[in-house]
Amino acid sequence: MNPLPLYVAIPLGAAFLIPLLGVWWKKSGETLAPLFTLILAIMAIVQVTRPAAVYHMGGWAPPVGIALVSDGLSTLLLIAINVVGFLCILFSLKYMQMYTGLTKYYSLFMLMVAGMNGVVVSGDLFNLYVFLEVASIASYALVAFGVGAEELEAGFKYLILGSVASVMLLFGIGTVYAVTGSLNMADVAQEIAMRFGGEMNPALLLAGAFFLMGFGLKAALVPFHAWLPDAHPSAPAPISAMLSGVVIKSLGIYAICRIFFNVYGISTGSAGSVIFANAMIAFAILSIIVGGLLAIGQWDYKRLLAYSSIGQIGYVMLGIGVGARVLATGGQLSIAGLAILGGLFHLFNHVAFKSLLFLSSGAIQHATGTRDMKQLGGLRERMPITSFTTNMAALSIAGVPPFSGFWSKLLILIATIKAGHIGIAIVAIIFAFVTLIYYIKVQREIIYGTVSNLVEKAREVPALMYVPLILLAIACVGMGLLYPVVGPRVLEPARDALMNSAEYIQLVLG
Amino acid sequence: MNGMTLIVKTITDFVVGFIIVFGTYIVLYGHLTPGGGFAGGVIIACAFILLMLAHGKDVAFSKMPEKTAHILDSAGALMFLLIGWFGVTVGFFFMNTFGRGEAFRLLSSGMILPLNIAIAFKVGSSLFLVFSALAVFRRRSFRAMIEDELA
Amino acid sequence: MTVYFMCIVLLTMGLYCLVAKKNIVKKILGIVIMDYAVNLYIIIVGYKTGGVAPIIEPNMPAATLERFVDPLTQALVLTSIVIGLGVLSLMVAMCIRLYEKHGTFDMSVISKLRG
């Protein structure tokens, strides 16, 4: 049987089963959430071996019915979401004991996973919007979970800006429906290709701008990033890891890729496609610059990581934007493929190292009670495992060979230079060094240096907390060295799904 | 919170039963007339919200305890998912597997009627919980906060 | 065309309310206005002059089928209203909590984080 609806049904069922049993059984969340997320993670990894497939909800074939679609890109995100979700739940078991209302926490967590899985497998524009709202509402509540003044303010800010993004997306979806008369993504794509032959009419351009703004806000691309540096540090550490690790990617980057590559379709010589590709590159460069510069000055460890997320998302977007521009201007397919592959590879790596860094920040906060980098130092002496894994992630994200971050940034840079954007490539290289600078700052202030008073009393966190760190650190190293294993199975199908939008239409409409 | 005046209380006692009956009608005939699980659930929740407004939270919670509302809330959603799961036995999630019955009768739409009932449970209890969370529990935490300030 | 334009005007009014007002309750109202502007827009997309309700009855003439309004947009708006209700209740709950913490609705007083 096709397992696609289970990716939504299992976490959704768990999200309601946990509070139901929680009425009588206080430990329902701690027991059931790891179990269900483990099942999901295994399912997602096994999904790699399955061919691209379509599931017709209720037996109604598209374009009438709602379709769930899994192709290479969906599989990539499914693996990221569910594996990181499982590791974050493992980390939560010990870390979240300082909070109350844990059944609600696990319930909201499962709801967020359900929403993200729904976004990733949905083949219908409005369904994508609904799942995006499910995931967003759960994450607003989770950011404010601590109900302190800071958490509430950050949550409220995130909620307001997220609602504006939702309004824009709904406006875009309404416009696309008005123009094409369909909501099924493949059907819309076919309609646009047939009716307009690649050249877009003004209404579609307007809708595209709204999509870019809405999803860009969810992905925290730079002019729309204001909520992220507040929301991500304020959330509990496992939630920060989920937000920075997978939420901004599945709700933002994935949706931008899907809409602009598969629904709008990047067609050669189309003015509209060039405009969108240029906008993507502009946002990407802004994100790289702003995220990198603001990260240097931060002394709050989690806030530094949050700004670093903005910068790294810029690299992902740069790869994808350059790929789109090469496709739209009729450049070589191999260069476009390389750029998109680099972007997706960096996305996949960023899932591993950024969730690792946020989890390690949680471990440090758990052990020492602070995340102020001025009060930390010499962690290597007291917490060897946490320090070692943090080091791995910092080296990887800073782009030191042979860690995974180096290879993905290299791919993006090579593709950018080959596509002829020398200036952009120089900026990207400079800010790759800026990334290295602020992660050297992290290492100097936290891991090495003299042992501070707070660290003196710290002890290594319990095994349930450091096992996820070790697994993610293995992923950071492994993805760089084992590319021949991971690449052809996970990344290249994802690239092909973006490059051949005709295949997507063929897959869904059959 | 002792509620409102005697006039309001008397009228509320009188109409609450009718509101619940009307809500149930909207739920059950949702597939034949305008309405359905969501609208009916909201109407049923309104009956309990009216009770809370007129009589105060103690009376409302004696009729619909918070715990029951929580259970109904989660159970309604799980019921919805389970009914969707029945479709898998025939082929697809949410496939209409139940007998369709005769058109324009109560049992004429297969699983839309049970789905409506599940949504009514979910929506009714969660709307009641949202209202009580916004209106009642705030006072408790507010008072606790003032006590913290004083201590 | 004018009705679409009016929707945009309503959307802009909501955005103005959101950006310019300091009171967080008014900010919430701005979000709600924006939400309703988009709902109105989608409803208008499916509107037809002289249309009838899309209910198929036995022995219906084909001409009536032509006059059906689009039911899909109404379903979309229903869903979006329900989502809006969920977001609104979360916003109001956070607003109450913020008031408890700070004793004010003024965002410029509440705001401590630098963004």
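Labels below follow one simple rule: chain letters A, B, ... track the order of the sequence lines, proteins then strands, and each chain is numbered from 1.
Taking both residues in full, the closest heavy atoms of A/Ala178 and C/Val45 are given as CB-CG1, 3.6 Å, listed atom of the first, atom of the second, then distance. Between A/Ala149 and C/His102, the closest heavy-atom pair is CB-NE2, 4.0 Å. Listed here is the closest heavy atom pair of C/Val87 and A/Ser163: CG1-OG, 3.6 Å. Nearest approach of A/Tyr140 to C/Met94, heavy atoms of both residues: O-CE, 3.6 Å. Between A/Phe171 and C/Tyr41, the shortest heavy-atom contact is O-CE2, 3.9 Å.
To the nearest 0.5 angstrom, C/Leu15 atom CG is 6.5 Å from A/Met168 atom CE. Separation of atoms CG (C/Asp35) and CG (A/Leu170) is listed at 7.5 Å; rounding is to 0.5 Å. The CZ atom of A/Phe156 lies 6.5 Å from the CG atom of C/Leu98; values are rounded to the nearest 0.5 Å. Rounding to the nearest 0.5 Å places CG of A/Leu159 at 9.5 Å from CG of C/Leu88. With rounding to the nearest 0.5 angstrom, the NZ atom of A/Lys157 is 5.0 Å from the OG atom of C/Ser111.
For A/Leu183, the part lying under 4.5 angstrom from a heavy atom of chain C is the side chain only. Contacts between A/Ala154 and chain C at a heavy-atom distance below 4.5 Å involve backbone atoms as well as side-chain atoms. Residue contact with chain A, scored on non-hydrogen atoms closer than 4.5 Å, involves the backbone and the side chain of C/Leu76 alike.
With hydrogens and angles ignored, the 3.5 Å screen pairs no side-chain donor or acceptor of C/Lys101 with any backbone N or O of A/Glu150.
The shortest distance between side-chain heavy atoms of A/Tyr129 and C/Ile83 falls below 4.5 Å. At least one side-chain heavy atom of A/Val167 sits less than 4.5 Å from a side-chain heavy atom of C/Leu11. Taking the side chain as every heavy atom from C-beta outward, A/Tyr177 and C/Asp70 approach each other to under 4.5 Å.
Options C/Thr73, C/Leu72, C/Val77 differ in how many heavy-atom pairs under 4.5 Å they form with chain A, and the most are formed by C/Leu72. Chain C forms the most heavy-atom pairs under 4.5 Å with one residue out of A/Thr175, A/Ile173, A/Val134, and that residue is A/Thr175.
Within 6.0 Å of atom OH in A/Tyr99, more than 12 heavy atoms from other residues, nucleotides or ligands are found, so the atom counts as buried in its surroundings. Environment of CH2 in A/Trp299: crowded, with over 12 heavy atoms of neighbouring residues, nucleotides or ligands closer than 6.0 Å. Within a 6.0 Å radius of NZ in C/Lys48, more than 12 heavy atoms belonging to other residues, nucleotides or ligands are found. Around OH of C/Tyr36, the count of heavy atoms belonging to other residues, nucleotides or ligands within 6.0 Å does not exceed 12.
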